[in-house]
Structures are given as C-alpha cells and as structure tokens.
Amino acid sequence: MKYLSILLALLFVVACEPTVDNPDTPTPPNTEDDGKDDGKDDSWMDEVIDTSDANYLFKDGITGRVMFLESYGLSNDYISLNDNATGLTLFLDLYSPMVYDYVTPGIYTFGDGAAMTVHREYCYIRFPDETLMRFTDGRVKVIADPEHSSGYPYYHITARFVNEAEEVIVADYEGQLIEQ
C-alpha cells in the first residue's frame, strides 16, 4: 500500500507538470486580425451623458485643475472646474483603481468612494460667497488622451448632476487639467 501511494503521488506530479514547447519550432507571428477581444471593454465610451436642459452649465471659459491623491488603495482624483465668468466652481471627487498616472478613463457613478464612483460628499458647486450646492445623483464620463500632441494628457469630461431642487448641473469640459 505504501508503494502504491508513492507511485500515485509520482504519477500526479508528472501529470501536473506543464508541457514545454519545442524550442526548434518557432511560433509564427499573428499578422491577421482574428476578431478576438483584446481584453479591454470600451463599451462605456458609447454611453452618452445628457447635457441638455441644464440649469447650471460648465462648458466655456472653464479652467480645469486636478489634485492626484491616494485613498484606501484607490486613485483619488480631485478635479475642480472653475467657470471664470460666473466664479462658480464644480468639484468632482473621482475614485478608480490605481492604474494610470492621469485621471482614469471611464464612467463614474454617484457613490461612496468605491472604485469608479464620484463621491457624493465631496462633489458639489461652490459659489463665490463660499456657499455649497450638494447633489442627490450624478454621473461622470472621462475620456483621456495621455499622448496628446501638447505632451500633457487631454481630457473630455462630461458630467450630469441633480440637486435637491431637481435642478440639473452639467459639465462638458475639453482640455488639460492643471495639476495642483
């Protein structure tokens, strides 16, 4: 019985070893597009965030800034979009996996600071008199071009929020974010 156990153990080890390719047989390069998925899910890019009927619109004459932080093992990108004409500032507190050294592209849902959320507590409008407008719901879409011809990441940020009075707050910002 003892020898049978040893024999079975040896057979198990040999059967579980990975196979080694023959080094004399080169693998030809794949030069055809076989239609297989590259592992990236870019379907989120097709989502359109409605920017119509805004009570507050952040679009033209906007200065964008970003502060890159880390919170609980996540990238915490704190973005401010300052409307130079009105003095209003929209703050976006985005959380994502720590993958890039720029704002992670994707859709951010209104949440509590989990990955791919815009944090409900730190997302608001600040008025020139320092009062704040908080939101009850929202969504942010970030598209990033990290290899922009300027040498700096270039962003298209689209956001839509609703406050308690059911007013609609929209941002449609294209440009660079100045790092603070």
Side-chain angles (χ1 to χ4, degrees), residues 40-148 150-180:
K40 294 182 180 178
D41 179 13
D42 293 336
S43 62
W44 63 269
M45 290 184 74
D46 295 332
E47 181 175 327
V48 176
I49 294 181
D50 183 13
T51 58
S52 65
D53 69 328
N55 297 95
Y56 297 88
L57 175 63
F58 290 80
K59 183 174 173 109
D60 298 318
I62 304 297
T63 301
R65 300 186 185 283
V66 65
M67 189 177 340
F68 295 107
L69 305 167
E70 180 184 339
S71 296
Y72 307 107
L74 293 173
S75 181
N76 178 199
D77 305 327
Y78 198 59
I79 298 171
S80 60
L81 300 177
N82 185 3
D83 185 325
N84 298 310
T86 64
L88 301 177
T89 303
L90 173 63
F91 289 94
L92 308 173
D93 190 28
L94 307 179
Y95 289 79
S96 64
M98 294 186 64
V99 178
Y100 305 107
D101 59 353
Y102 53 90
V103 179
T104 299
I107 300 289
Y108 294 80
T109 57
F110 209 56
D112 59 1
M116 300 313 291
T117 63
V118 55
H119 200 296
R120 72 180 77 244
E121 289 296 316
Y122 306 106
C123 184
Y124 50 84
I125 291 178
R126 184 182 68 205
F127 290 89
D129 66 0
E130 299 297 318
T131 59
L132 304 179
M133 176 194 294
R134 302 272 182 187
F135 309 129
T136 58
D137 194 18
R139 200 163 180 80
V140 178
K141 178 179 178 180
V142 175
I143 298 174
D145 176 6
E147 298 176 11
H148 189 260
S150 67
Y152 297 96
Y154 190 86
Y155 299 96
H156 185 185
I157 299 171
T158 311
R160 182 181 176 90
F161 296 98
V162 178
N163 65 13
E164 286 183 359
E166 299 200 16
E167 294 175 309
V168 176
I169 298 87
V170 169
D172 189 5
Y173 175 76
E174 287 191 59
Q176 296 172 351
L177 296 173
I178 301 164
E179 189 172 349
Q180 296 178 311

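All residue numbers refer to positions in the sequence shown, counting from 1.
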So Phe161 and Val140, side-chain contact (heavy atoms from CB on, under 4.5 Å) or not? Walk me through it.
CA-CA 9 Å; Phe161 296 98; Val140 178; 3.6 Å; yes
Within a reach of under 6.0 Å around CD of Glu70, are more than 12 heavy atoms found that belong to other residues, nucleotides or ligands?
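For Glu70, atom CD is crowded (more than 12 foreign heavy atoms under 6.0 Å).
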Inspect the surroundings of OH in Tyr152 and state if more than 12 heavy atoms from other residues, nucleotides or ligands are less than 6.0 Å away.
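No, because the 6.0 Å sphere around OH of Tyr152 holds 12 heavy atoms or fewer from other groups.
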Nearest 0.5 Å, please: how far is [atom2] in [Y] from [atom1] in [X]?
{"X": "Thr89", "Y": "Arg126", "atom1": "OG1", "atom2": "CZ", "value": "4.5 Å"}
{"X": "Ser80", "Y": "Gln180", "atom1": "OG", "atom2": "CD", "value": "5.0 Å"}
{"X": "Phe68", "Y": "Asp77", "atom1": "CZ", "atom2": "CG", "value": "5.5 Å"}

At their closest point, which heavy atom of [X] faces which heavy atom of [Y], and how far apart are they?
{"X": "Tyr154", "Y": "Gly175", "value": "CE1-CA, 3.4 Å"}
{"X": "Ala114", "Y": "Tyr95", "value": "O-CB, 3.4 Å"}
{"X": "Ser150", "Y": "Gln176", "value": "OG-NE2, 2.7 Å"}
{"X": "Asn55", "Y": "Glu167", "value": "OD1-CA, 3.3 Å"}

Only one of Val66, Asp145, Ile79, Val142 forms a side chain to side chain contact (heavy atoms under 4.5 Å, CB included) with Tyr155, so which one is it?
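The residue from Val66, Asp145, Ile79, Val142 that satisfies side chain to side chain contact (heavy atoms under 4.5 Å, CB included) with Tyr155 turns out to be Val142.
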Among Leu74, Asp93, Leu94, Thr109, find the residue that satisfies the side chain to side chain contact (heavy atoms under 4.5 Å, CB included) test when tested with Thr117.
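Looking at Leu74, Asp93, Leu94, Thr109, the match for Thr117 under the side chain to side chain contact (heavy atoms under 4.5 Å, CB included) is Thr109.
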Does some side-chain heavy atom of [Y] sit less than 4.5 Å from a side-chain heavy atom of [X]?
{"X": "Thr158", "Y": "Arg139", "answer": "no"}
{"X": "Ile169", "Y": "Met133", "answer": "yes"}
{"X": "Val118", "Y": "Phe110", "answer": "yes"}
{"X": "Ile157", "Y": "Leu177", "answer": "yes"}
{"X": "Cys123", "Y": "Leu92", "answer": "yes"}

Can you name the residues that form a side-chain hydrogen bond (donor to acceptor under 3.5 Å, both in side chains) with Glu174, not counting sequence neighbours?
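With neighbours one apart ignored, the set is empty.
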Set of residues satisfying side-chain hydrogen bond (donor to acceptor under 3.5 Å, both in side chains) with respect to Glu179, sequence neighbours excluded
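side-chain hydrogen bond (donor to acceptor under 3.5 Å, both in side chains) check on Glu179 returns nothing, list empty.
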State which residues pass side chain to side chain contact (heavy atoms under 4.5 Å, CB included) with [X]; sequence neighbours excluded, sorted by chain then number.
{"X": "Ile62", "answer": "Phe58, Leu81, Asp83, Tyr173"}
{"X": "Asn84", "answer": "Thr63, Asn82"}
{"X": "Asp129", "answer": "Phe127, Thr131"}
{"X": "Pro97", "answer": "Val99, Ala115, Met116"}

So, Arg134 side chain and Glu121 main chain: donor-acceptor pair closer than 3.5 Å or not?
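Indeed, once roles are kept as given, a pair shorter than 3.5 Å links the two residues.
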Under 3.5 Å donor-acceptor, Ser75 side chain and Ser96 backbone:
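Such a contact is absent between Ser75 side chain and Ser96 backbone.
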Trace of the side-chain hydrogen bond (donor to acceptor under 3.5 Å, both in side chains) decision for Asn76 with Tyr78:
CA-CA 6 Å; Asn76 178 199; Tyr78 198 59; over 6 Å; no
